[in-house]
Chemist: 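I am attaching a structure below and will ask some questions about it afterwards.
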Amino acid sequence: AAAAAAGSSYLVHFSTPTTSSASAGTLASGAFSSSSSSSSISSGATGTSSASASSSKSSMVSSNTDWDNSNSLWMLERELSRRGGLLRYTDQFRLKHLASGGYLMLTRPNTRASQSQTGRVHYTPSITEDRTSTATLFAFHPLDPLPPQRERSKIHYTHLIRLFHVHFKVYLHADSVSGVFFGASQQYDEDGFAFLPVPPSSLHKLYFTTSQIECVKAHVTRLGASDRAEMTRSALNNKDNSRAVTIRKVFAVLGALIRSCTISSDESPFTREGIPLTEQQNLLREQGTDRVLMSLLRMVFRGVRLNELSQQEYFTSNLTVRLAYRLLKQMAKGNPQNRSWFSTAENISFIEGQMEFPEAIATLMELFKGNRALLDAITDEQIAFFVVNLRQRGRLASYVKFLSVLCVCDGKGLERNQNAICDRFVVKSPQLLLPLRLRLLGKGRECVEVNAAETLEGQRSAEGWMPLADFVNTRALLGKKDELLRYFATTIKLFSNLVLGRNATTSAAVRRVVPFEVVCGCLKEKRLPSKLRATFANLMLHLFVSVDPHQESIFLNVNRIWHDLERQPSASQEEEIDLDLSLDLSSGASAAKTSAALARLASSGSLRASSTGFATERFCEQFDYASLNRFLIMYIKSHRVQVIANSDDNLLTLRVLELLRHMLSYGFLANLEELTEMIDPLVLLLDGRSDLMKASTAAGGRASLLTHMVGSLIRQQSQRAGVERPSSASTGAGSGASSAGSPAPP
């Protein structure tokens, strides 16, 4: 049962494991308290302290407003723990904290130090493991006095009761201002408690989590005692080795906790992503799993250096670090509360020192993702750290991906971070980029080339230019482990994030590296993978389309609902409606008058628009938007059918449609012929009846698709004409005679 005080405060004890500074590897319990009333201690504790193993048997108890917090679960035990039955008033019992296994107790205070402003003595509640102590005995008293014949009546969940300490003869009180629990001999209005039943599923999750964490704690203790048990892969699989069995159990526990955080069909803890389960993530945080994992990582790296993890003799340490970081990442995935909780300066500094480890950089990116406070606090020195490491350690995609995370928060660009990263990475470190150029082949053909070769002095080789499609497809044969190809794709994504939000400073720098014709050429290149083309489509949108001075055009909404029309408009409305749209917009006065009238109509709802203005012609003349329009139209005409299994192709189609929508809203597609040409392909693209689950062979799949579409059209036309589709029996030699009396289907 969860004990709730009046005012929606809950009796909470936190037993969060931390590493004791006095004894390496010894896990101690931390005491958490709240400094404000009605504040949740589970995620925003304002004060923490750690105790040694000998003094960790008791810690403070405080209040919390988070009713489903796993640390607010208590179990009632009678003085004789094996006795059950109904609970009645004046029965003596103990409150057992389920998460820690300790018992609620009151301690006699220092009389002078703990006197309140009114001179009364306050007893301090805490947790102890000593069940036999008389300081753990409580009794229920009714909130209002009962007649003598009802003093031993049964207690229901709906009853409000007082918690009376048997030994000290005081009542447990929750202060409504400070949110602190204490024992006092006086009775207060806030002394009313109620017990809320807890569903069995919550108990099962708590027991599962705490039991698994205890296994990891024991492993940390062994590492602290210099029992490292380093093994190779073959030694770890030895079933007769007891130490190998113990380590495999730890790996199984970490894997089970990783799988418990998300919903996914991928059972591998090293690759599993899926949909995050917020309740389980919070449960792991409340039970201090993050501190156990950070202690585990620190213990591992006390005996091994980062560059040694790839050696066979440190195989177990390698797996331990990978699983620990994977669990931290899954706990923070899509959970802003956990991200803020984990993102302490100590943790960030520790993880930054292991940036070469793939799981470490993935965890750090998850902590920074959407964490505005952390992103705003990033310094130029930290950005320079990653750029310098790129120069020293080579082109690592993980570093560039992390820089990309620093540029954006919740889909919006962070201008300060964008400018700093662009200056360090794009402007001052051109040798880190793979240059692109467009080469004309004649007869209207063109080819985008990349120079991926460089000399020992860092200078580009003139003979290093090769078609981008050949470079990508050649590197793709090496599989996902090809770092240079991943680096190139991640750099293009970084460019998109650098210019997100119409950042004029970074846009000018990025356009010098990837001009319009290069981005458009990559978007058109059919030999490139669809996923990479989608990346270039996103870059085209943010670098050349959704940029200043482009603004969404105003379109007159000629559709009206009859009942919403006013029969006799007012004089002011007649003036607004009576617009002379044939005014010469080159005249300043006429343009200003028309713009003001259009703005009034837009604000009144008569016009559909998000902002006023049209794309500036002078800016548009710099780039060949007409060729982009032709590509977009031809693409949707040739991709009317989607294959569900081809997620990369569908992503490219989505990016193309986003580009098309912005081109329409900015007025680049205003030609009636172009608009008419797009309508039918868009309708067919929206029609899911023609979609396929998976791609068949090229000829067979296209033939079956055409047969399906033609058959559908024939059935529709036959139904419209009132003629049934001819059966297969009527086909053949006698088909003409049998159907002579009826008109042929169109």
Side-chain angles (χ1 to χ4, degrees), residues 1-5 9-20 26-34 40-43 45 47-64 66-77 81 93-107 124-133 135-138 163 165 172 180-181 183 195-196 198 200 202-221 253 257 279-280 282-295 341:
S9 294
Y10 293 82
L11 190 64
V12 177
H13 165 67
F14 287 85
S15 180
T16 303
T18 57
T19 303
S20 174
T26 302
L27 292 176
S29 64
F32 286 69
S33 62
S34 172
S40 176
I41 316 304
S42 62
S43 62
T48 63
S49 62
S50 61
S52 64
S54 60
S55 62
S56 65
K57 294 183 179 181
S58 64
S59 55
M60 294 182 63
V61 175
S62 186
S63 64
N64 182 22
D66 188 6
W67 71 272
D68 59 350
N69 189 293
S70 60
N71 288 304
S72 64
L73 304 184
W74 303 80
M75 183 169 64
L76 294 174
E77 282 189 4
S81 60
F93 63 92
R94 290 180 171 89
L95 277 172
K96 183 178 181 179
H97 189 247
L98 293 184
S100 64
Y103 293 87
L104 180 66
M105 66 176 295
L106 290 184
T107 56
T124 305
S126 59
I127 295 294
T128 181
E129 297 177 2
D130 184 10
R131 188 186 182 280
T132 61
S133 173
T136 60
L137 283 176
F138 290 84
L163 282 176
H165 193 264
L172 191 63
V180 176
F181 283 95
F195 279 81
L196 307 179
V198 177
S202 298
L203 297 181
H204 295 161
K205 291 178 182 178
L206 176 61
Y207 291 147
F208 166 78
T209 302
T210 53
S211 63
Q212 303 285 36
I213 295 175
E214 287 299 322
C215 179
V216 183
K217 287 182 186 178
H219 186 58
V220 176
T221 304
V253 164
L257 292 176
E279 182 181 357
Q280 179 64 18
N282 293 341
L283 175 60
L284 290 171
R285 183 200 70 238
E286 292 158 4
Q287 298 309 313
T289 309
D290 57 307
R291 285 176 170 78
V292 176
L293 294 175
M294 294 306 297
S295 299
W341 179 259

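Residues: numbered from 1 along the sequence shown.
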Chemist: Output, in order, the C-alpha distance, side-chain angles, deciding distance and verdict of side chain to side chain contact (heavy atoms under 4.5 Å, CB included) for L106 and L172.
Modeler: CA-CA 9 Å; L106 290 184; L172 191 63; 4.1 Å; yes
Chemist: Restricting to non-hydrogen atoms, name the atom on L104 and the atom on F138 that form the minimum distance, rounded to 0.1 Å.
Modeler: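 So the minimum-distance heavy-atom pair works out to O-CE1, 3.4 Å.
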Chemist: Mind checking the NZ-OG1 spacing from K205 to T209? Nearest 0.5 Å is all I need.
Modeler: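 Rounded to the nearest 0.5 Å, the NZ-OG1 separation comes out at 9.0 Å.
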Chemist: Do the side chain of N71 and the main chain of E286 share a donor and acceptor less than 3.5 angstrom apart?
Modeler: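 Pair found, side chain donor or acceptor close to backbone of E286.
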Chemist: For A135, does its backbone N or O pair with a side-chain atom of H165 as donor and acceptor, under 3.5 Å?
Modeler: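 It does hold such a pair.
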Chemist: Under the 3.5 angstrom rule, does the side chain of T136 hit a backbone N or O of T132 as a donor-acceptor pair?
Modeler: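 Not at all, since once roles are kept as given, no pair shorter than 3.5 Å links the two residues.
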Chemist: To the closest 0.5 Å, what do you measure between CH2 (W74) and CG (L196)?
Modeler: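 Going from the CH2 atom of W74 to the CG atom of L196 covers 14.5 Å.
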Chemist: Taking atom types as modelled, find out whether Q287 and S70 have a side-chain donor-acceptor pair closer than 3.5 angstrom.
Modeler: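 Yes.
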Chemist: Ignoring hydrogens and geometry, is there a side-chain-to-backbone donor-acceptor pair from T210 to L206 under 3.5 Å?
Modeler: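 Yes, T210 side chain to L206 backbone: donor-acceptor pair under 3.5 Å.
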Chemist: Within the 4.5 Å heavy-atom criterion, are N282 and E279 side-chain neighbours or not?
Modeler: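 No, too far: nothing below the 4.5 Å cut-off.
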Chemist: For the NZ atom of K217 and the CD atom of Q212, what is their distance to the nearest 0.5 Å?
Modeler: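 The CD atom of Q212 is 13.0 Å from NZ of K217, to the nearest 0.5 Å.
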Chemist: Closest heavy-atom contact between L95 and L163?
Modeler: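 Where L95 meets L163 most closely, the heavy atoms are CD1-CD1, 4.3 Å.
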Chemist: Using every non-hydrogen atom in the two residues, find where C215 and V253 come nearest and quote the distance to one decimal.
Modeler: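 Taking every non-hydrogen atom into account, SG-CG2, 3.9 Å.
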Chemist: Is S133 reaching over with its side chain to a backbone N or O of D130, donor-acceptor style, under 3.5 angstrom?
Modeler: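 The answer is no, because no donor-acceptor pair under 3.5 Å joins these two groups.
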Chemist: Answer whether the closest heavy-atom distance between the side chains of K96 and S81 falls below 4.5 Å.
Modeler: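 The answer is no, as the side chains (C-beta and beyond) never meet within the 4.5 Å cut-off.
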Chemist: For the pair R94 and L137, evaluate side chain to side chain contact (heavy atoms under 4.5 Å, CB included) and give the outcome as yes or no after the intermediate values.
Modeler: CA-CA 5 Å; R94 290 180 171 89; L137 283 176; 3.6 Å; yes
